[in-house]
Enquirer: 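My questions will all concern the structure given below.
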Amino acid sequence: MADTTAVSDAAAPEPLARELYREIHRADWARLARGIPNPLSETEVLQLRGIGDRLDLDEVREVYLPLSRLLSLYAENTQRLGAEESAFLGDANTTTPFVVGVAGSVAVGKSTIARLLRELMSRWPGTPRVELVTTDGFLYPNAELERRGIMHRKGFPESYDRRALVAFLTEVKSGAAEVRAPFYSHMRYDIIPDAHVTVRRPDVVIVEGLNVLQPPPSPNDVAVSDLFDFSIYIDADAEHITQWFVDRFLALRRAAFSNPNSFFNRFADIADDEAVTQALSFWNDINLPNLRENVEPTRHRATLVLQKGVDHAVERVLLRKL
């Protein structure tokens, strides 16, 4: 594989303040789901798994089943607190959706995890209605990115319509009957005009994206994460994510990129060594700087951190102390 010196020479991120978190190793975390049946079949898990991920039934049972139960407990108790507050104030119950943020690098597996949590949480009695929204829908259209001269920084914080995302989540948290988000096509690599994702007052909304834990641009602004009830950061060594990104690029070349309508169709027929070089160029020029400058520094803002090893398996869980 081509040289990845840019990864290994990058400045190491500041470690998490471990005193703020409970550190739970995988074996201890897995025991929290003992006796709870896995509601998903092997076929369902395969359908949820993204390209390059190695999600299997063991990983679901040992990592994500206890996580989904913890999230459901948070959601149920937040709803209960909301109802008790309304009763205390003498108002009608105005409990609103529980919002979960999922953050992490490109290629770290956050989309698969968000889809999986949607399926698992919807199986718990207290949270049967779960919706998933990705922040890709709040990227500026390609034409606008070109106009601003930042097409090469797609995925960086400035490439998103942060105000629109905050407005969307504010409506969700206010209990609006129906809220619409723009729709992003990964095939076209752009926003699709007049297409929307509609959220109709579910029990839980999962918001997945690179920069969802970013602090506000100024002290008077609302951060996206201010509207979260719980947040998850998917963590892994940059060297491992580099390999996952390259592997995924090669797999996509044989799958989605082969579609003539794909934005990346021009990479479908290039040789393997050229594909690796191109993938590393995208990673080292765009995704690694974004990870180091913007994504990784938000890790400490998460309620819970999933730390993955080289094989994509979660090795430990960090849960912020109450």
Enquirer: Take the angle between the ring planes of Phe257 and Phe267 and call it parallel below 30°, perpendicular above 60°, tilted in between.
Expert: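 Judged by the thresholds at 30° and 60°, the geometry between Phe257 and Phe267 is tilted.
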Enquirer: Measure the CG-CZ distance between Leu81 and Phe88 for me, rounded to the nearest 0.5 Å.
Expert: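 Here the interatomic distance stands at 12.0 Å.
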Enquirer: Mind checking whether Arg123 and Leu40 have side chains closer than 4.5 Å, heavy atoms only?
Expert: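 Yes, side chains in contact.
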Enquirer: Within the 4.5 Å heavy-atom criterion, are Met121 and Asp203 side-chain neighbours or not?
Expert: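 Result no, sub-4.5 Å side-chain heavy-atom pair not found.
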Enquirer: Are any of the side-chain heavy atoms of Arg22 and Lys321 separated by less than 4.5 Å?
Expert: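 A side-chain contact under 4.5 Å exists here.
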Enquirer: With a 4.5 Å limit on heavy-atom distance, are the side chains of Pro157 and Asn290 in contact?
Expert: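 Counting from C-beta outward, Pro157 and Asn290 do come under 4.5 Å.
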Enquirer: Can you tell me if Arg201 uses its side chain to pair, donor with acceptor, with the backbone of Gly175 under 3.5 Å?
Expert: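 A pair under 3.5 Å: yes.
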Enquirer: Tell me whether Glu85 at atom CD has more than 12 heavy atoms from other residues, nucleotides or ligands lying less than 6.0 Å away.
Expert: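 Counting neighbours around CD of Glu85, 12 or fewer heavy atoms of other residues, nucleotides or ligands fall under 6.0 Å, so no.
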Enquirer: Are Phe249 and Met187 connected, step by step, through hydrophobic side chains (Ile, Leu, Val, Met, Phe, Trp, Tyr) whose heavy atoms are closer than 4.5 Å?
Expert: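 Looking at the clustering, Met187 is in a separate group from Phe249.
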Enquirer: So Phe264 and Phe282, would you call those rings parallel, tilted or perpendicular, with 30° and 60° as cut-offs?
Expert: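 If you compare the ring of Phe264 with that of Phe282, the planes turn out perpendicular.
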Enquirer: Taking CZ in Arg129 as the centre, count heavy atoms belonging to other residues, nucleotides or ligands within less than 6.0 Å. Is the count above 12?
Expert: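 Atom CZ in Arg129 is packed in, count exceeds 12.
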Enquirer: Please give me the minimum heavy-atom distance between Leu227 and Val99, naming the atom from each residue.
Expert: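 The answer is O-CB, 3.6 Å.
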Enquirer: Output the distance between atom CG (Leu120) and atom CZ (Arg69), rounded to the nearest 0.5 Å.
Expert: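 If we round to the nearest 0.5 Å, Leu120:CG and Arg69:CZ are 12.5 Å apart.
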Enquirer: Take a 6.0 Å sphere around CD of Glu158 and say whether it holds more than 12 heavy atoms from other residues, nucleotides or ligands.
Expert: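 Yes, enclosed.
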Enquirer: side-chain contact (heavy atoms from CB on, under 4.5 Å), that's the test. Do Leu71 and Trp124 meet it? Break it down for me.
Expert: CA-CA 10 Å; Leu71 287 171; Trp124 293 107; over 6 Å; no
Enquirer: State whether the side chain of Arg162 and the backbone N or O of Val222 hold a donor-acceptor pair below 3.5 Å, judged by distance alone.
Expert: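 Yes, the answer is positive, given that a donor and an acceptor are paired below the 3.5 Å cut-off.
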Enquirer: If you round to the nearest 0.5 Å, how far is CZ of Arg248 from CG of Leu250?
Expert: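 Answer for the CG-CZ pair, Leu250 versus Arg248, is 11.5 Å.
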Enquirer: Roughly how far apart are Ser68 OG and Arg118 CZ, rounded to 0.5 Å?
Expert: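 So the gap between those two atoms works out to 14.0 Å.
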Enquirer: Please determine whether residues Val310 and Ile51 belong to a single hydrophobic cluster, defined as Ile, Leu, Val, Met, Phe, Trp and Tyr linked transitively by side-chain heavy-atom distances below 4.5 Å.
Expert: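 No, no single cluster joins them.
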Enquirer: Grouping I, L, V, M, F, W and Y whenever their side-chain heavy atoms are under 4.5 Å apart, do Ile150 and Phe156 come out in a common cluster?
Expert: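 Same cluster.
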Enquirer: Using 30° and 60° as the class boundaries, would you call the ring planes of Tyr74 and Phe230 parallel, tilted or perpendicular?
Expert: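 The rings of Tyr74 and Phe230 stand perpendicular, inter-plane angle above 60°.
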Enquirer: Ignoring hydrogens and geometry, is there a side-chain-to-backbone donor-acceptor pair from Gln214 to Asn294 under 3.5 Å?
Expert: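 Answer holds: yes.
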Enquirer: How about CZ on Arg266, more than 12 heavy atoms from neighbouring residues, nucleotides or ligands closer than 6.0 Å, or not?
Expert: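 Yes, CZ of Arg266 has more than 12 neighbouring heavy atoms, counting only those of other groups under 6.0 Å.
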Enquirer: Kindly give the heavy-atom pair with the smallest separation between Ile206 and Val130, and that separation in Å.
Expert: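 Heavy atoms of Ile206 and Val130 come nearest at CD1-CG1, 4.0 Å.
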Enquirer: Report yes if some heavy atom in the side chain of Tyr64 is under 4.5 Å from a heavy atom in the side chain of Leu306; otherwise report no.
Expert: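 Result yes, sub-4.5 Å side-chain heavy-atom pair found.
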Enquirer: Checking salt bridge (charged side-chain N to carboxylate O under 4.0 Å, His left out) for the pair Arg80/Glu84: CA distance, chi angles, key distance, verdict?
Expert: CA-CA 6 Å; Arg80 187 176 301 112; Glu84 291 177 357; 5.4 Å; no
Enquirer: Is it the case that the side chain of Arg301 and the backbone of Leu213 share a donor-acceptor pair, with hydrogens and angles ignored and the cut-off at 3.5 Å?
Expert: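 The answer is yes, because a donor-acceptor pair under 3.5 Å joins these two groups.
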Enquirer: Is it the case that the side chain of Ser174 and the backbone of Glu171 share a donor-acceptor pair, with hydrogens and angles ignored and the cut-off at 3.5 Å?
Expert: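 Yes, Ser174 side chain to Glu171 backbone: donor-acceptor pair under 3.5 Å.
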Enquirer: Rounded to the nearest 0.5 Å, what's the gap from CG on Leu319 to CH2 on Trp29? Could you check?
Expert: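 Atom-to-atom, Leu319:CG and Trp29:CH2 are 6.0 Å apart.
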Enquirer: Take Arg115 and Glu119 through the salt bridge (charged side-chain N to carboxylate O under 4.0 Å, His left out) test and state the conclusion after the steps.
Expert: CA-CA 6 Å; Arg115 290 193 298 270; Glu119 292 304 314; over 6 Å; no
Enquirer: Checking side chain to side chain contact (heavy atoms under 4.5 Å, CB included) between Leu70 and each of Leu32, Leu65, Leu304, which is the one that passes?
Expert: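 With Leu70 as partner, Leu32, Leu65, Leu304 yield a single side chain to side chain contact (heavy atoms under 4.5 Å, CB included), made by Leu304.
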Enquirer: So, the side chain of Ser231 versus the backbone of Thr303: is there a donor-acceptor pair under 3.5 Å, distance only?
Expert: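 Judged by distance alone, yes, a pair lies under 3.5 Å.
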Enquirer: Does atom CZ of Arg163 have more than 12 heavy-atom neighbours, drawn from other residues, nucleotides or ligands, at distances under 6.0 Å?
Expert: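 12 or below, so no.
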Enquirer: Apply side-chain contact (heavy atoms from CB on, under 4.5 Å) to the pair Ile286 and His152, showing each step before the final yes or no.
Expert: CA-CA 7 Å; Ile286 301 171; His152 64 292; 5.6 Å; no
Enquirer: Less than 4.5 Å apart, side chain to side chain, heavy atoms only: is that true for Leu117 and Val100?
Expert: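 Of all side-chain heavy-atom pairs linking Val100 with Leu117, none is under 4.5 Å.
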Enquirer: Report the residue from Ile241, Ile113, Thr112 that forms a side chain to side chain contact (heavy atoms under 4.5 Å, CB included) with Ile234.
Expert: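 Output: one option passes, namely Ile113.
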Enquirer: Are Glu208 and Ser111 linked by a side-chain donor-acceptor pair shorter than 3.5 Å?
Expert: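 Indeed, the side chains of Glu208 and Ser111 share at least one donor-acceptor pair under 3.5 Å.
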Enquirer: Out of Glu62, Gln307, Glu315, which residue meets the side-chain hydrogen bond (donor to acceptor under 3.5 Å, both in side chains) rule with Arg26?
Expert: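 The residue from Glu62, Gln307, Glu315 that satisfies side-chain hydrogen bond (donor to acceptor under 3.5 Å, both in side chains) with Arg26 turns out to be Glu62.
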Enquirer: If the test is ring-ring contact (aromatic ring centres under 6.0 Å, His included), which one of Phe183, Phe168, Tyr160 qualifies with Phe138?
Expert: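 That would be Phe168; it is the only one of Phe183, Phe168, Tyr160 passing the ring-ring contact (aromatic ring centres under 6.0 Å, His included) with Phe138.
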Enquirer: Apply the side chain to side chain contact (heavy atoms under 4.5 Å, CB included) test between Tyr140 and each candidate in Ile191, Leu145, Asp190; give the one that qualifies.
Expert: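 Only one of Ile191, Leu145, Asp190 forms a side chain to side chain contact (heavy atoms under 4.5 Å, CB included) with Tyr140, namely Leu145.
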Enquirer: If hydrophobic clusters are built by linking Ile, Leu, Val, Met, Phe, Trp and Tyr wherever their side-chain heavy atoms come under 4.5 Å apart, do Leu73 and Ile232 end up in the same one?
Expert: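 Leu73 and Ile232: separate clusters.
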Enquirer: Supply the atom-to-atom distance Leu210 CG to Asn287 CG, rounded to the nearest 0.5 angstrom.
Expert: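 So the CG of Leu210 and the CG of Asn287 are separated by 7.5 Å.
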Enquirer: Checking Asp235 side chain against Val305 main chain: does a donor-acceptor pair fall under 3.5 Å?
Expert: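 Checked: no pair found.
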Enquirer: Quick one: does any side-chain atom of Asn284 pair with a main-chain N or O of Leu280 as donor and acceptor, under 3.5 Å?
Expert: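 Flag set: sc Asn284 to bb Leu280 pair under 3.5 Å.
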Enquirer: With under 30° as parallel and over 60° as perpendicular, where do the rings of His240 and Trp244 fit, or are they tilted in between?
Expert: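 Rings of His240 and Trp244: tilted, 30 to 60°.
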Enquirer: When you group the ILVMFWY residues by side-chain heavy-atom contacts below 4.5 Å and let the links chain together, are Ile270 and Trp283 in the same group?
Expert: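 Same hydrophobic cluster.
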Enquirer: Under the side-chain contact (heavy atoms from CB on, under 4.5 Å) criterion, do Leu288 and Thr242 qualify, and how do the steps go?
Expert: CA-CA 8 Å; Leu288 179 61; Thr242 304; 5.7 Å; no
Enquirer: Do Lys154 side-chain atoms and Tyr189 backbone N/O form a donor-acceptor pair below 3.5 Å?
Expert: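 Yes, the answer is positive, given that a donor and an acceptor are paired below the 3.5 Å cut-off.
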Enquirer: Given side chains that start at C-beta, do those of Lys173 and Asp229 come closer than 4.5 Å, heavy atoms only?
Expert: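 With C-beta onward as the side chain, the pair touches.
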Enquirer: Keeping the roles fixed (side chain from Lys308, backbone from Val108), state whether a donor-acceptor pair exists under 3.5 Å.
Expert: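 Yes, Lys308 side chain to Val108 backbone: donor-acceptor pair under 3.5 Å.
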Enquirer: How close do Tyr233 and Gly104 get, heavy atom to heavy atom, and via which atoms?
Expert: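 Heavy atoms only, the tightest pair is CE1-CA, 4.1 Å.
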Enquirer: Working note: Asn211 + Thr135, criterion side-chain contact (heavy atoms from CB on, under 4.5 Å); need CA distance, chi angles, decisive distance, verdict.
Expert: CA-CA 8 Å; Asn211 298 298; Thr135 60; over 6 Å; no
Enquirer: Under the criterion salt bridge (charged side-chain N to carboxylate O under 4.0 Å, His left out), which of Asp247, Asp272, Asp269 is the partner of Arg253?
Expert: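 Result: among Asp247, Asp272, Asp269, Asp272 is the only option passing the salt bridge (charged side-chain N to carboxylate O under 4.0 Å, His left out) with Arg253.
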